[in-house]
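Inspection log for the structure reproduced underneath, given as structure tokens.
Residue indices begin at 1 and follow the sequence shown.
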Amino acid sequence: MDNSPAVLFDTYEQDFRQIVDSIRSKLDGDGKERGGEETTRRASLRRVEMELDEADEMISQMEIEIQGIPQSIKPQYQTRLRTAKADLTRFKKMSKDLHTQFSRADLLASPGRASTPTSDEPYGQTSDRTRLLAGTATLEDGARRLQDSQRIALETEDQGAEILMNLRAQREQIENARDTLRTADTAIARASGTLKKMIRRMYQQRVVTAAIIIVLALLIAIIIWEKFFG
């Protein structure tokens, strides 16, 4: 069984796509069957939440495996990972929108204790309408904050993945530089040995040359001595 990072990435991506297809079918069913039973729709939405967690786990596994994929083919896997993240974010937003709709429906269905209306306050001092508007505003504000948090989390994940890639590239550069230095040290050691041999030979040649000069000087001196005093 091939357990290479690319094969494992493909496996996790296939599992992710199956989960996403199941989520899409449930969300599309909730969007089309507005008149369906409330309990069934809520149960379906709970299953969607669990599947979103599973899909998020698949994304995490894909991020881990992509770190071991060779640089020559990594860009295409990075594109597929970004597409998967975008799909997951889109379905999470759809799920939150449905949650918001259910929460609004709960507010509308909850019994209110409105005070007796007057001519100045036709809806009462603490009317259902006021509570509904306040609750809706709170839900929308919470949804916006949650979306901002998710966006920041995704940006942080992308930055973290980019930093890991840069660190990996720098480590490879350092290892290559270390190998180059070792090769240079070996070459310098060989060159140093060669220079030492050349210096020894130069000294030997100087000694031989000096000996020859001395012998020639003695011969010349002997010849002159023999010529004038012999």
Donor-acceptor check, side chain of Ser22 to backbone of Gln18, threshold 3.5 angstrom: yes or no?
no

Grouping ILVMFWY residues whenever side-chain heavy atoms fall under 4.5 Å, the cluster of Ile223 otherwise contains none

Residues Asp21, Arg17; criterion salt bridge (charged side-chain N to carboxylate O under 4.0 Å, His left out); working and verdict:
CA-CA 6 Å; Asp21 290 339; Arg17 290 301 170 192; over 6 Å; no

Could you see if Ile59 belongs to whatever hydrophobic cluster contains Ile69? Use Ile, Leu, Val, Met, Phe, Trp, Tyr and a side-chain cutoff under 4.5 Å.
yes

Between Thr100 (side chain only) and Lys96 (backbone N and O only), is there a donor and an acceptor less than 3.5 Å apart?
yes

Can you list the other members of the hydrophobic cluster that holds Leu218, where links are side-chain heavy atoms under 4.5 angstrom apart?
Ile214

Can you list every salt bridge (charged side-chain N to carboxylate O under 4.0 Å, His left out) pair that touches residues 189-205, not counting sequence neighbours?
none

Listed pairs under 3.5 Å, donor-acceptor, residues 73-84 side chains, sequence neighbours left out:
unit_1	atom_1	unit_2	atom_2	d
Thr79	OG1	Pro75	O	3.1
Thr79	OG1	Arg82	NH2	3.4
Arg80	NE	Glu13	OE1	3.0
Arg80	NE	Glu13	OE2	3.3
Arg80	NH2	Asp10	OD1	2.7
Arg80	NH2	Glu13	OE1	2.3
Thr83	OG1	Thr79	O	3.0

Any chance you could pull the hydrophobic cluster mates of Met202, using side-chain heavy atoms under 4.5 angstrom and chaining through other members?
Ile199, Tyr203

Donor-acceptor contact present, side-chain Ser192 to main-chain Ile188, <3.5 Å
no

Strictly by salt bridge (charged side-chain N to carboxylate O under 4.0 Å, His left out), give each pair with a member in residues 44-60 just once, sequence neighbours left out.
Lys26-Glu51, Asp56-Lys92

Transitively linked via ILVMFWY side-chain contacts under 4.5 Å: Ile66 with Met165?
no

